[in-house]
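Following: one structure in C-alpha coordinates, then a few remarks.
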Amino acid sequence: MAQKPSIPKGTRDFTPSEMIRRNYIFDTIKSVFQLYGFQSIETPSIENLSTLMGKYGEEGDKLLFKILNSGNFLSKIDDKDLIEKNHIKLTNKISEKGLRYDLTVPFARYVVQHSNDISFPFKRYQIQPVWRADRPQKGRYREFYQCDVDIIGSKSLFNEFELVQIADDVFNKLNINTVLKINNRKILAGIAEIIGEKERITDITVAIDKLDKIGIENVNSELLGKGISSDAIKKLQPILNLEGNTTEKINQLKEILKDSEIGNKGIEELSVLFHNIESVDFKMEIQLDIALARGLNYYTGSIFEVKSKDTEIGSITGGGRYDNLTGIFGMPGISGVGISFGADRIYDVMNQLELFPKEFPGSSKVIFINFGEKEQDFCTPILRKLRQANIASEMYPDADKIKKQMKWANRKDINYVVIAGEQEIEAGKVILKNMKTGDQQLITPQQLISILSR
RNA sequence: GUGGUUGUAGCUCAGUUGGCUAGAGCGUCGGAUUGUGGUUCCGAAUGUCGUCGGUUCGAGACCGAUCUUCCACCCCA
(Lines give C-alpha, C1' and ligand atoms only; values in the text may rest on other atoms or scores of the structure.)
Protein backbone atom coordinates (compact mmCIF):
# COMPACT_ATOMS: atom_id res chain seq x y z
CA MET A 1 0.00 0.00 0.00
CA ALA A 2 1.33 3.39 -0.95
CA GLN A 3 -0.08 6.38 0.87
CA LYS A 4 -2.95 5.62 3.23
CA PRO A 5 -6.08 7.48 2.16
CA SER A 6 -7.85 9.68 4.67
CA ILE A 7 -10.92 11.83 5.14
CA PRO A 8 -11.10 15.52 6.03
CA LYS A 9 -10.77 16.69 9.60
CA GLY A 10 -13.97 16.42 11.60
CA THR A 11 -15.67 13.95 9.24
CA ARG A 12 -16.24 10.25 9.84
CA ASP A 13 -16.94 6.95 8.11
CA PHE A 14 -19.64 4.80 9.67
CA THR A 15 -19.23 1.03 9.90
CA PRO A 16 -22.17 -1.35 9.48
CA SER A 17 -22.51 -1.80 13.24
CA GLU A 18 -22.43 1.97 13.77
CA MET A 19 -25.04 2.43 11.06
CA ILE A 20 -27.37 -0.04 12.76
CA ARG A 21 -27.22 2.12 15.86
CA ARG A 22 -27.46 5.40 14.00
CA ASN A 23 -30.47 4.19 12.06
CA TYR A 24 -32.08 3.13 15.31
CA ILE A 25 -31.83 6.76 16.46
CA PHE A 26 -33.06 8.15 13.16
CA ASP A 27 -35.96 5.69 12.98
CA THR A 28 -37.02 6.45 16.54
CA ILE A 29 -36.96 10.19 16.00
CA LYS A 30 -38.72 9.88 12.65
CA SER A 31 -41.50 7.75 14.10
CA VAL A 32 -42.19 10.32 16.81
CA PHE A 33 -42.23 13.15 14.27
CA GLN A 34 -44.74 11.26 12.17
CA LEU A 35 -46.85 10.49 15.23
CA TYR A 36 -47.37 14.22 15.67
CA GLY A 37 -48.37 14.77 12.06
CA PHE A 38 -45.17 16.12 10.55
CA GLN A 39 -44.17 15.48 6.95
CA SER A 40 -40.67 15.18 5.63
CA ILE A 41 -38.86 17.38 3.14
CA GLU A 42 -35.27 17.60 1.94
CA THR A 43 -33.25 20.53 0.66
CA PRO A 44 -29.89 20.64 -1.17
CA SER A 45 -26.60 20.37 0.68
CA ILE A 46 -25.44 23.58 -0.94
CA GLU A 47 -27.26 26.89 -0.85
CA ASN A 48 -26.49 30.29 -2.26
CA LEU A 49 -24.29 32.15 0.19
CA SER A 50 -26.77 35.02 0.06
CA THR A 51 -29.27 32.65 1.67
CA LEU A 52 -26.90 31.61 4.45
CA MET A 53 -24.84 34.68 5.28
CA GLY A 54 -25.88 36.94 8.12
CA LYS A 55 -28.34 34.51 9.69
CA TYR A 56 -26.14 33.00 12.35
CA GLY A 57 -24.29 36.01 13.69
CA GLU A 58 -20.78 37.08 12.94
CA GLU A 59 -19.31 33.88 14.32
CA GLY A 60 -21.65 31.79 12.19
CA ASP A 61 -20.54 33.47 8.97
CA LYS A 62 -16.97 32.49 9.75
CA LEU A 63 -17.99 28.87 10.27
CA LEU A 64 -19.71 28.52 6.91
CA PHE A 65 -17.99 26.24 4.45
CA LYS A 66 -17.76 28.17 1.21
CA ILE A 67 -17.47 26.64 -2.22
CA LEU A 68 -15.20 28.10 -4.86
CA ASN A 69 -16.89 29.17 -8.07
CA SER A 70 -16.32 26.81 -10.98
CA GLY A 71 -13.83 27.58 -13.70
CA ASN A 72 -11.20 30.24 -13.42
CA PHE A 73 -12.65 32.06 -10.47
CA LEU A 74 -9.79 34.54 -10.51
CA SER A 75 -10.26 35.72 -14.09
CA LYS A 76 -12.51 38.64 -13.17
CA ILE A 77 -10.67 39.66 -10.02
CA ASP A 78 -8.76 42.92 -9.98
CA ASP A 79 -5.09 42.64 -9.11
CA LYS A 80 -5.79 45.33 -6.57
CA ASP A 81 -8.16 43.05 -4.66
CA LEU A 82 -5.57 40.28 -4.64
CA ILE A 83 -2.84 42.53 -3.35
CA GLU A 84 -5.15 43.96 -0.69
CA LYS A 85 -5.67 40.45 0.74
CA ASN A 86 -9.03 41.41 2.21
CA HIS A 87 -10.29 37.86 2.48
CA ILE A 88 -13.91 38.76 3.17
CA LYS A 89 -14.16 41.02 0.16
CA LEU A 90 -12.33 38.50 -1.99
CA THR A 91 -14.44 35.58 -0.78
CA ASN A 92 -17.58 37.35 -1.95
CA LYS A 93 -16.12 37.51 -5.42
CA ILE A 94 -14.83 33.99 -5.79
CA SER A 95 -17.55 32.07 -3.93
CA GLU A 96 -21.28 32.28 -4.23
CA LYS A 97 -22.33 28.93 -2.79
CA GLY A 98 -21.85 27.30 0.61
CA LEU A 99 -22.68 24.13 2.54
CA ARG A 100 -25.72 24.57 4.75
CA TYR A 101 -25.00 25.39 8.38
CA ASP A 102 -28.33 24.22 9.79
CA LEU A 103 -31.72 23.11 8.49
CA THR A 104 -33.82 26.01 9.71
CA VAL A 105 -32.58 28.73 7.37
CA PRO A 106 -32.85 26.52 4.26
CA PHE A 107 -36.33 25.63 5.49
CA ALA A 108 -37.32 29.30 5.68
CA ARG A 109 -35.98 29.74 2.16
CA TYR A 110 -37.98 26.68 1.07
CA VAL A 111 -41.17 28.05 2.61
CA VAL A 112 -40.83 31.37 0.80
CA GLN A 113 -39.97 29.69 -2.47
CA HIS A 114 -42.84 27.19 -2.30
CA SER A 115 -45.38 29.39 -0.52
CA ASN A 116 -47.95 28.85 -3.25
CA ASP A 117 -47.99 25.09 -2.67
CA ILE A 118 -48.00 25.18 1.12
CA SER A 119 -51.10 25.39 3.25
CA PHE A 120 -50.18 27.00 6.54
CA PRO A 121 -49.53 26.11 9.25
CA PHE A 122 -46.91 23.90 7.65
CA LYS A 123 -45.48 21.08 9.76
CA ARG A 124 -42.32 19.56 8.38
CA TYR A 125 -39.47 17.42 9.57
CA GLN A 126 -36.08 17.17 7.94
CA ILE A 127 -33.21 14.81 8.71
CA GLN A 128 -30.03 15.72 6.84
CA PRO A 129 -26.37 16.50 7.47
CA VAL A 130 -25.12 20.03 8.09
CA TRP A 131 -21.56 21.39 8.02
CA ARG A 132 -19.64 23.79 10.19
CA ALA A 133 -16.02 24.83 9.70
CA ASP A 134 -15.45 24.61 13.44
CA ARG A 135 -12.40 23.13 15.08
CA PRO A 136 -13.45 19.59 15.95
CA GLN A 137 -13.61 18.23 19.47
CA LYS A 138 -15.37 15.35 21.09
CA GLY A 139 -19.07 15.69 20.31
CA ARG A 140 -18.26 18.42 17.84
CA TYR A 141 -17.94 17.49 14.20
CA ARG A 142 -17.59 19.35 10.95
CA GLU A 143 -20.25 17.19 9.37
CA PHE A 144 -23.15 16.05 11.50
CA TYR A 145 -26.84 15.23 11.23
CA GLN A 146 -29.65 17.34 12.52
CA CYS A 147 -33.22 16.13 12.90
CA ASP A 148 -35.43 19.18 12.69
CA VAL A 149 -39.17 19.55 13.32
CA ASP A 150 -40.77 22.91 12.71
CA ILE A 151 -44.23 24.39 12.52
CA ILE A 152 -44.33 27.52 10.43
CA GLY A 153 -47.24 29.87 9.85
CA SER A 154 -48.74 29.70 13.34
CA LYS A 155 -48.15 31.94 16.31
CA SER A 156 -49.90 29.59 18.72
CA LEU A 157 -47.89 28.57 21.78
CA PHE A 158 -49.56 25.20 21.47
CA ASN A 159 -46.83 24.47 18.92
CA GLU A 160 -44.15 24.97 21.55
CA PHE A 161 -46.08 22.61 23.77
CA GLU A 162 -46.16 19.99 21.01
CA LEU A 163 -42.41 20.27 20.56
CA VAL A 164 -41.83 19.75 24.28
CA GLN A 165 -43.92 16.59 24.10
CA ILE A 166 -41.99 15.40 21.07
CA ALA A 167 -38.70 15.87 22.92
CA ASP A 168 -40.04 13.94 25.90
CA ASP A 169 -41.25 11.11 23.67
CA VAL A 170 -37.97 10.86 21.76
CA PHE A 171 -35.77 10.72 24.84
CA ASN A 172 -38.08 8.31 26.62
CA LYS A 173 -37.94 5.97 23.66
CA LEU A 174 -34.17 6.26 23.54
CA ASN A 175 -33.97 5.86 27.30
CA ILE A 176 -31.90 9.01 27.86
CA ASN A 177 -32.26 10.96 31.09
CA THR A 178 -32.65 14.58 30.12
CA VAL A 179 -33.42 18.04 31.35
CA LEU A 180 -35.24 20.49 29.10
CA LYS A 181 -34.43 24.14 29.70
CA ILE A 182 -36.84 26.79 28.51
CA ASN A 183 -36.45 30.51 28.25
CA ASN A 184 -37.80 33.31 26.11
CA ARG A 185 -35.86 35.84 24.07
CA LYS A 186 -38.42 38.52 24.91
CA ILE A 187 -37.55 38.14 28.57
CA LEU A 188 -33.88 38.54 27.76
CA ALA A 189 -34.75 41.63 25.73
CA GLY A 190 -36.80 42.91 28.66
CA ILE A 191 -33.89 42.38 31.03
CA ALA A 192 -31.56 44.29 28.72
CA GLU A 193 -34.11 47.08 28.58
CA ILE A 194 -34.67 47.25 32.33
CA ILE A 195 -30.99 47.45 33.15
CA GLY A 196 -30.60 50.22 30.59
CA GLU A 197 -28.50 48.39 27.99
CA LYS A 198 -31.17 47.67 25.40
CA GLU A 199 -28.79 47.67 22.45
CA ARG A 200 -26.32 45.30 24.06
CA ILE A 201 -28.70 42.36 24.25
CA THR A 202 -26.41 40.02 22.32
CA ASP A 203 -23.38 40.64 24.52
CA ILE A 204 -25.51 40.35 27.63
CA THR A 205 -27.17 37.10 26.62
CA VAL A 206 -23.91 35.53 25.46
CA ALA A 207 -22.38 36.32 28.82
CA ILE A 208 -25.23 35.13 31.04
CA ASP A 209 -25.52 31.97 28.96
CA LYS A 210 -22.27 30.95 30.63
CA LEU A 211 -23.62 31.39 34.14
CA ASP A 212 -23.77 27.65 34.80
CA LYS A 213 -20.30 27.07 33.50
CA ILE A 214 -18.17 29.94 34.78
CA GLY A 215 -20.19 31.35 37.70
CA ILE A 216 -21.62 34.75 38.45
CA GLU A 217 -18.30 36.46 39.17
CA ASN A 218 -16.88 35.63 35.76
CA VAL A 219 -20.10 36.57 34.02
CA ASN A 220 -19.92 39.98 35.65
CA SER A 221 -16.32 40.55 34.69
CA GLU A 222 -17.04 39.47 31.11
CA LEU A 223 -19.90 41.97 30.94
CA LEU A 224 -17.66 44.68 32.33
CA GLY A 225 -15.03 43.76 29.78
CA LYS A 226 -17.60 44.11 27.01
CA GLY A 227 -18.29 47.65 28.16
CA ILE A 228 -21.57 47.16 30.00
CA SER A 229 -21.96 49.82 32.70
CA SER A 230 -21.39 48.71 36.27
CA ASP A 231 -24.74 50.23 37.14
CA ALA A 232 -26.43 47.89 34.66
CA ILE A 233 -24.50 44.90 35.98
CA LYS A 234 -25.62 45.79 39.48
CA LYS A 235 -29.23 45.81 38.35
CA LEU A 236 -28.73 42.44 36.71
CA GLN A 237 -27.67 40.66 39.89
CA PRO A 238 -31.12 39.94 41.39
CA ILE A 239 -32.19 38.52 38.03
CA LEU A 240 -29.23 36.17 37.85
CA ASN A 241 -29.91 35.06 41.40
CA LEU A 242 -33.56 34.13 40.85
CA GLU A 243 -34.58 31.14 42.90
CA GLY A 244 -37.56 28.95 43.51
CA ASN A 245 -39.82 26.86 41.30
CA THR A 246 -41.10 27.97 37.93
CA THR A 247 -44.18 29.77 39.25
CA GLU A 248 -42.11 31.62 41.83
CA LYS A 249 -39.55 32.60 39.23
CA ILE A 250 -42.24 33.85 36.86
CA ASN A 251 -43.83 35.91 39.64
CA GLN A 252 -40.51 37.52 40.53
CA LEU A 253 -39.82 38.27 36.86
CA LYS A 254 -43.23 39.87 36.54
CA GLU A 255 -42.25 42.33 39.22
CA ILE A 256 -38.75 42.95 37.84
CA LEU A 257 -39.89 43.43 34.26
CA LYS A 258 -43.11 45.29 34.93
CA ASP A 259 -41.91 48.42 33.10
CA SER A 260 -40.79 46.58 29.98
CA GLU A 261 -43.43 45.94 27.37
CA ILE A 262 -41.46 43.25 25.60
CA GLY A 263 -40.54 41.68 28.93
CA ASN A 264 -44.21 41.43 29.85
CA LYS A 265 -44.95 39.78 26.54
CA GLY A 266 -42.25 37.23 27.24
CA ILE A 267 -43.63 36.46 30.66
CA GLU A 268 -47.09 36.00 29.23
CA GLU A 269 -45.75 33.54 26.66
CA LEU A 270 -43.81 31.60 29.26
CA SER A 271 -46.85 31.41 31.53
CA VAL A 272 -49.03 29.99 28.79
CA LEU A 273 -46.41 27.39 27.87
CA PHE A 274 -45.82 26.30 31.45
CA HIS A 275 -49.57 26.19 32.05
CA ASN A 276 -49.81 23.70 29.20
CA ILE A 277 -46.81 21.76 30.42
CA GLU A 278 -48.36 21.33 33.84
CA SER A 279 -51.42 19.72 32.30
CA VAL A 280 -49.46 16.68 31.18
CA ASP A 281 -47.04 14.26 32.83
CA PHE A 282 -43.47 14.42 31.60
CA LYS A 283 -40.65 12.06 32.33
CA MET A 284 -37.95 14.60 31.48
CA GLU A 285 -37.17 17.38 33.90
CA ILE A 286 -38.43 20.73 32.59
CA GLN A 287 -37.12 23.97 34.00
CA LEU A 288 -37.27 27.66 33.34
CA ASP A 289 -33.70 28.86 32.93
CA ILE A 290 -33.19 32.59 32.69
CA ALA A 291 -29.55 32.02 31.79
CA LEU A 292 -30.40 30.09 28.63
CA ALA A 293 -29.65 32.33 25.66
CA ARG A 294 -28.70 30.30 22.54
CA GLY A 295 -26.43 31.83 20.01
CA LEU A 296 -28.41 31.73 16.81
CA ASN A 297 -29.51 35.22 15.93
CA TYR A 298 -32.90 34.47 14.45
CA TYR A 299 -34.73 33.41 17.61
CA THR A 300 -37.28 35.90 18.89
CA GLY A 301 -39.51 34.06 21.39
CA SER A 302 -39.35 30.72 23.17
CA ILE A 303 -35.98 29.01 23.25
CA PHE A 304 -35.21 25.42 24.24
CA GLU A 305 -32.27 23.29 25.01
CA VAL A 306 -32.05 19.65 26.07
CA LYS A 307 -29.10 18.25 27.98
CA SER A 308 -28.29 14.70 28.91
CA LYS A 309 -28.22 14.46 32.71
CA ASP A 310 -25.72 11.61 32.89
CA THR A 311 -22.96 12.88 30.58
CA GLU A 312 -20.88 15.98 29.98
CA ILE A 313 -21.60 16.07 26.27
CA GLY A 314 -23.50 19.37 26.34
CA SER A 315 -26.72 20.10 24.57
CA ILE A 316 -28.15 17.35 22.40
CA THR A 317 -31.19 19.26 21.21
CA GLY A 318 -31.98 22.92 20.77
CA GLY A 319 -34.54 25.16 19.21
CA GLY A 320 -36.84 28.11 19.47
CA ARG A 321 -39.27 30.46 17.84
CA TYR A 322 -38.34 32.74 14.98
CA ASP A 323 -40.78 35.46 13.98
CA ASN A 324 -39.13 36.87 10.96
CA LEU A 325 -36.88 34.36 9.25
CA THR A 326 -39.05 34.26 6.15
CA GLY A 327 -39.18 38.05 6.25
CA ILE A 328 -35.51 38.13 5.34
CA PHE A 329 -36.46 36.25 2.18
CA GLY A 330 -39.28 38.64 1.36
CA MET A 331 -42.23 37.07 3.12
CA PRO A 332 -42.84 38.84 6.43
CA GLY A 333 -45.37 38.07 9.11
CA ILE A 334 -44.86 34.30 9.21
CA SER A 335 -43.82 32.95 12.57
CA GLY A 336 -42.27 29.56 13.04
CA VAL A 337 -41.00 27.41 15.87
CA GLY A 338 -38.90 24.28 15.83
CA ILE A 339 -36.33 22.10 17.53
CA SER A 340 -33.38 20.21 16.26
CA PHE A 341 -32.15 16.88 17.59
CA GLY A 342 -28.39 16.38 17.23
CA ALA A 343 -28.18 12.78 16.11
CA ASP A 344 -24.41 12.47 16.46
CA ARG A 345 -24.33 13.74 20.02
CA ILE A 346 -27.31 11.56 20.91
CA TYR A 347 -25.28 8.65 19.52
CA ASP A 348 -22.29 9.63 21.65
CA VAL A 349 -24.46 9.87 24.78
CA MET A 350 -26.10 6.51 24.16
CA ASN A 351 -22.80 4.87 23.38
CA GLN A 352 -21.16 6.24 26.49
CA LEU A 353 -24.06 5.18 28.72
CA GLU A 354 -24.51 1.87 26.88
CA LEU A 355 -28.16 2.59 26.18
CA PHE A 356 -28.40 0.81 22.85
CA PRO A 357 -30.52 -2.33 22.81
CA LYS A 358 -28.43 -5.48 23.03
CA GLU A 359 -29.89 -7.04 19.93
CA PHE A 360 -30.76 -5.46 16.64
CA PRO A 361 -32.54 -7.10 13.74
CA GLY A 362 -29.76 -5.81 11.58
CA SER A 363 -28.87 -9.06 9.88
CA SER A 364 -30.43 -12.04 8.17
CA LYS A 365 -32.38 -14.55 10.16
CA VAL A 366 -30.97 -17.50 8.27
CA ILE A 367 -28.04 -18.31 6.00
CA PHE A 368 -27.61 -21.23 3.61
CA ILE A 369 -24.24 -22.93 3.60
CA ASN A 370 -22.86 -23.18 0.07
CA PHE A 371 -21.56 -26.66 -0.85
CA GLY A 372 -21.26 -26.12 -4.59
CA GLU A 373 -23.27 -25.79 -7.77
CA LYS A 374 -25.64 -28.75 -7.37
CA GLU A 375 -26.47 -27.91 -3.79
CA GLN A 376 -26.89 -24.26 -4.68
CA ASP A 377 -29.46 -25.21 -7.30
CA PHE A 378 -31.35 -27.21 -4.69
CA CYS A 379 -31.39 -24.28 -2.24
CA THR A 380 -32.21 -21.44 -4.62
CA PRO A 381 -36.01 -22.07 -4.79
CA ILE A 382 -36.18 -22.57 -1.03
CA LEU A 383 -34.32 -19.31 -0.49
CA ARG A 384 -36.78 -17.56 -2.78
CA LYS A 385 -39.75 -18.96 -0.88
CA LEU A 386 -38.29 -17.79 2.41
CA ARG A 387 -37.95 -14.28 1.08
CA GLN A 388 -41.48 -14.36 -0.28
CA ALA A 389 -42.53 -15.30 3.25
CA ASN A 390 -40.74 -12.14 4.40
CA ILE A 391 -37.92 -13.96 6.16
CA ALA A 392 -34.57 -12.17 5.84
CA SER A 393 -32.31 -14.82 4.39
CA GLU A 394 -29.17 -15.22 2.33
CA MET A 395 -26.86 -17.78 0.79
CA TYR A 396 -23.13 -17.68 1.24
CA PRO A 397 -21.90 -16.84 -2.28
CA ASP A 398 -18.86 -19.15 -2.53
CA ALA A 399 -18.32 -22.82 -1.83
CA ASP A 400 -15.72 -22.00 0.83
CA LYS A 401 -14.85 -24.28 3.69
CA ILE A 402 -17.80 -24.96 5.97
CA LYS A 403 -15.79 -23.70 8.86
CA LYS A 404 -15.26 -20.36 7.22
CA GLN A 405 -18.92 -20.06 6.28
CA MET A 406 -20.08 -20.92 9.80
CA LYS A 407 -17.66 -18.46 11.27
CA TRP A 408 -18.88 -15.77 8.93
CA ALA A 409 -22.50 -16.47 9.91
CA ASN A 410 -21.54 -16.35 13.54
CA ARG A 411 -19.84 -13.00 13.22
CA LYS A 412 -22.83 -11.55 11.43
CA ASP A 413 -25.05 -12.68 14.30
CA ILE A 414 -27.22 -14.83 12.08
CA ASN A 415 -29.37 -17.06 14.26
CA TYR A 416 -30.00 -19.98 11.92
CA VAL A 417 -27.89 -21.88 9.42
CA VAL A 418 -29.32 -24.20 6.78
CA ILE A 419 -27.10 -27.08 5.78
CA ALA A 420 -28.09 -28.98 2.66
CA GLY A 421 -25.44 -31.29 1.28
CA GLU A 422 -25.58 -34.44 -0.77
CA GLN A 423 -27.21 -36.61 1.93
CA GLU A 424 -29.93 -34.07 2.76
CA ILE A 425 -30.77 -33.40 -0.86
CA GLU A 426 -31.20 -37.12 -1.45
CA ALA A 427 -33.79 -37.18 1.32
CA GLY A 428 -35.37 -33.96 0.01
CA LYS A 429 -34.67 -32.34 3.35
CA VAL A 430 -32.38 -29.76 4.96
CA ILE A 431 -30.64 -29.41 8.29
CA LEU A 432 -31.64 -26.37 10.30
CA LYS A 433 -29.09 -25.41 12.90
CA ASN A 434 -29.79 -22.98 15.72
CA MET A 435 -26.58 -21.04 16.30
CA LYS A 436 -27.58 -19.97 19.80
CA THR A 437 -28.28 -23.43 21.20
CA GLY A 438 -26.29 -25.54 18.75
CA ASP A 439 -29.35 -27.77 18.17
CA GLN A 440 -29.97 -29.04 14.70
CA GLN A 441 -32.84 -30.89 13.08
CA LEU A 442 -33.49 -32.58 9.75
CA ILE A 443 -36.66 -31.13 8.22
CA THR A 444 -38.47 -30.58 4.91
CA PRO A 445 -38.26 -27.20 3.15
CA GLN A 446 -41.94 -26.71 4.00
CA GLN A 447 -41.22 -27.16 7.71
CA LEU A 448 -38.25 -24.81 7.40
CA ILE A 449 -40.48 -22.00 6.22
CA SER A 450 -43.08 -22.55 8.91
CA ILE A 451 -40.47 -22.77 11.70
CA LEU A 452 -38.72 -19.59 10.59
CA SER A 453 -42.01 -17.77 10.12
CA ARG A 454 -42.67 -17.93 13.83
C1' G B 1 -9.68 31.72 14.51
C1' U B 2 -6.06 31.57 19.49
C1' G B 3 -3.24 28.33 22.93
C1' G B 4 -1.94 23.38 24.13
C1' U B 5 -1.96 17.92 23.08
C1' U B 6 -1.61 13.30 20.27
C1' G B 7 0.13 9.86 16.24
C1' U B 8 4.25 2.85 16.71
C1' A B 9 0.76 -3.96 13.28
C1' G B 10 -6.43 -4.20 11.45
C1' C B 11 -7.54 -2.53 17.07
C1' U B 12 -5.63 -1.20 22.24
C1' C B 13 -0.98 0.04 23.68
C1' A B 14 4.72 -1.02 25.48
C1' G B 15 9.46 0.68 23.57
C1' U B 16 14.94 3.36 29.30
C1' U B 17 19.80 9.08 28.85
C1' G B 18 19.58 8.57 20.85
C1' G B 19 22.68 2.35 19.98
C1' C B 20 22.34 -4.15 17.04
C1' U B 21 17.08 -7.54 13.68
C1' A B 22 10.81 -2.45 16.74
C1' G B 23 7.47 -5.74 20.83
C1' A B 24 2.77 -7.56 23.68
C1' G B 25 -2.46 -8.50 24.00
C1' C B 26 -6.68 -8.75 21.00
C1' G B 27 -8.15 -9.61 16.05
C1' U B 28 -6.83 -11.95 11.14
C1' C B 29 -5.09 -16.35 8.57
C1' G B 30 -3.59 -21.74 8.63
C1' G B 31 -3.76 -26.49 11.24
C1' A B 32 -5.77 -30.10 15.16
C1' U B 33 -11.56 -31.23 12.76
C1' U B 34 -11.06 -32.14 3.83
C1' G B 35 -19.84 -31.75 6.53
C1' U B 36 -20.38 -27.71 11.66
C1' G B 37 -19.43 -21.59 14.19
C1' G B 38 -19.07 -19.68 19.15
C1' U B 39 -14.93 -22.70 23.71
C1' U B 40 -9.76 -25.19 23.69
C1' C B 41 -4.76 -26.36 21.75
C1' C B 42 -0.69 -25.57 18.08
C1' G B 43 1.42 -22.47 14.33
C1' A B 44 1.96 -18.15 10.91
C1' A B 45 1.65 -13.37 8.64
C1' U B 46 1.51 -8.25 9.50
C1' G B 47 4.88 -2.05 10.18
C1' U B 48 8.10 3.68 4.96
C1' C B 49 7.24 4.14 13.69
C1' G B 50 1.40 10.10 10.46
C1' U B 51 4.12 12.77 6.32
C1' C B 52 8.23 15.82 4.54
C1' G B 53 12.77 17.90 5.83
C1' G B 54 16.91 18.74 9.47
C1' U B 55 20.68 17.47 13.59
C1' U B 56 23.83 12.96 14.33
C1' C B 57 28.69 7.92 12.97
C1' G B 58 23.62 6.34 14.25
C1' A B 59 16.63 8.85 15.10
C1' G B 60 10.55 5.37 16.79
C1' A B 61 13.04 8.78 20.46
C1' C B 62 15.97 15.29 19.42
C1' C B 63 14.62 19.96 16.15
C1' G B 64 11.36 22.37 12.21
C1' A B 65 7.18 22.28 8.99
C1' U B 66 2.68 19.93 7.74
C1' C B 67 -1.55 16.72 8.43
C1' U B 68 -4.47 14.17 12.11
C1' U B 69 -6.50 13.33 17.26
C1' C B 70 -8.00 15.16 21.72
C1' C B 71 -8.42 19.48 25.19
C1' A B 72 -9.23 24.77 26.65
C1' C B 73 -11.00 29.48 24.65
C1' C B 74 -14.65 31.19 21.06
C1' C B 75 -19.05 29.26 19.60
C1' C B 76 -22.46 25.30 19.16
C1' A B 77 -25.93 19.93 17.83
Side-chain angles (χ1 to χ4, degrees), chain A residues 1-12 15 25 29 56-64 87-88 101-104 127-148 202 205-207 209-210 213-214 218 222 292-297 304-308 312-320 338-349 367 369-372 375 396 399-425 430-440 442:
Chain A
M1 193 163 31
Q3 190 90 12
K4 262 192 192 170
S6 65
I7 54 176
K9 187 198 287 205
T11 65
R12 295 150 299 155
T15 62
I25 293 173
I29 290 174
Y56 309 107
E58 211 178 305
E59 198 64 31
D61 284 353
K62 282 188 210 156
L63 298 180
L64 278 168
H87 72 280
I88 295 170
Y101 180 91
D102 72 353
L103 300 177
T104 309
I127 299 178
Q128 290 190 274
V130 302
W131 294 267
R132 295 184 187 175
D134 210 352
R135 189 168 289 200
Q137 281 179 38
K138 193 166 214 116
R140 176 180 293 197
Y141 308 101
R142 287 185 146 181
E143 177 183 64
F144 61 96
Y145 274 74
Q146 290 194 326
C147 312
D148 271 39
T202 308
T205 52
V206 164
D209 192 36
K210 295 174 193 162
K213 208 169 165 185
I214 63 177
N218 292 319
E222 178 166 334
L292 174 64
R294 298 197 47 77
L296 296 181
N297 269 3
F304 312 103
E305 188 165 288
V306 178
K307 283 188 168 170
S308 148
E312 299 294 314
I313 279 181
S315 79
I316 52 178
T317 289
I339 51 171
S340 177
F341 293 80
D344 303 79
R345 284 194 180 172
I346 291 172
Y347 179 96
D348 290 342
V349 167
I367 183 166
I369 297 292
N370 191 328
F371 283 92
E375 292 85 350
Y396 192 88
D400 285 344
K401 286 189 180 162
I402 313 306
K403 181 175 174 163
K404 181 167 185 197
Q405 299 190 41
M406 296 288 285
K407 210 167 178 177
W408 194 81
N410 200 51
R411 287 198 51 168
K412 267 188 88 183
D413 270 329
I414 298 172
N415 275 338
Y416 292 97
V417 170
V418 167
I419 300 162
E422 214 173 318
Q423 299 165 35
E424 290 79 17
I425 292 171
V430 300
I431 288 173
L432 177 64
K433 175 164 180 149
N434 183 325
M435 295 294 274
K436 284 266 158 62
T437 61
D439 296 342
Q440 50 186 59
L442 185 66

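In what follows, every chain begins at residue 1, and chains take the letters A, B, ... in the order their sequences are listed.
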If we take the [atom1] atom in both [N] and [M], what is their distance in whole Å?
| N | M | atom1 | answer |
| --- | --- | --- | --- |
| U51(B) | A72(B) | C1' | 27 Å |
| G18(B) | G60(B) | C1' | 10 Å |
| U33(B) | G47(B) | P | 32 Å |
| G31(B) | G37(B) | P | 12 Å |
| U46(B) | A9(B) | P | 15 Å |
| G3(B) | G10(B) | P | 34 Å |
| C13(B) | G30(B) | C1' | 27 Å |

Can you tell me the base-pairing partner of [N]? Count Watson-Crick or G-U wobble geometry only, both distances below 3.5 Å, and say none if there is no partner.
| N | answer |
| --- | --- |
| U21(B) | none |
| U66(B) | G50(B) |
| G27(B) | none |

Interatomic distance, Arg345(A) CZ vs C76(B) C1' [rounded to whole Å]: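 In whole Å, C76(B) C1' lies 6 Å from Arg345(A) CZ.
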
Pairwise side-chain contact, [X] with [Y], heavy-atom cut-off 4.5 Å (strictly under):
| X | Y | answer |
| --- | --- | --- |
| Met435(A) | Asp413(A) | no |
| Ile419(A) | Phe371(A) | yes |
| Tyr145(A) | Asp344(A) | yes |

Face-to-face stacking of Trp408(A) with G37(B), centres under 5.5 angstrom, angle under 30°: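 So no, this residue does not stack on that base, at least one cut-off failing.
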
Thr11(A) vs Glu424(A), nearer the 5' end of RNA chain B by closest nucleotide: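 Mapping each residue to its closest nucleotide by heavy atoms, the 5'-most match is Glu424(A).
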
Most 5' of Ile431(A) and Lys210(A) on RNA chain B, judged by nearest nucleotide: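 Counting from the 5' end, the first nearest nucleotide belongs to Ile431(A).
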
Sugar-phosphate only, base, or nothing, as touched by Tyr145(A) at under 4.0 Å among non-hydrogen atoms: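 The residue Tyr145(A) makes no contact with any strand.
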
Sugar-phosphate, base or nothing in reach of Lys412(A), heavy atoms under 4.0 Å: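 No contact.
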
Closest contact, heavy atoms only, Ser308(A) versus Val349(A):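 Here Ser308(A) and Val349(A) meet closest at OG-CG1, 3.7 Å.
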
Nearest non-hydrogen partners of Ala293(A) and Thr205(A), listed with the distance: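 Heavy atoms of Ala293(A) and Thr205(A) come nearest at CB-O, 3.3 Å.
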
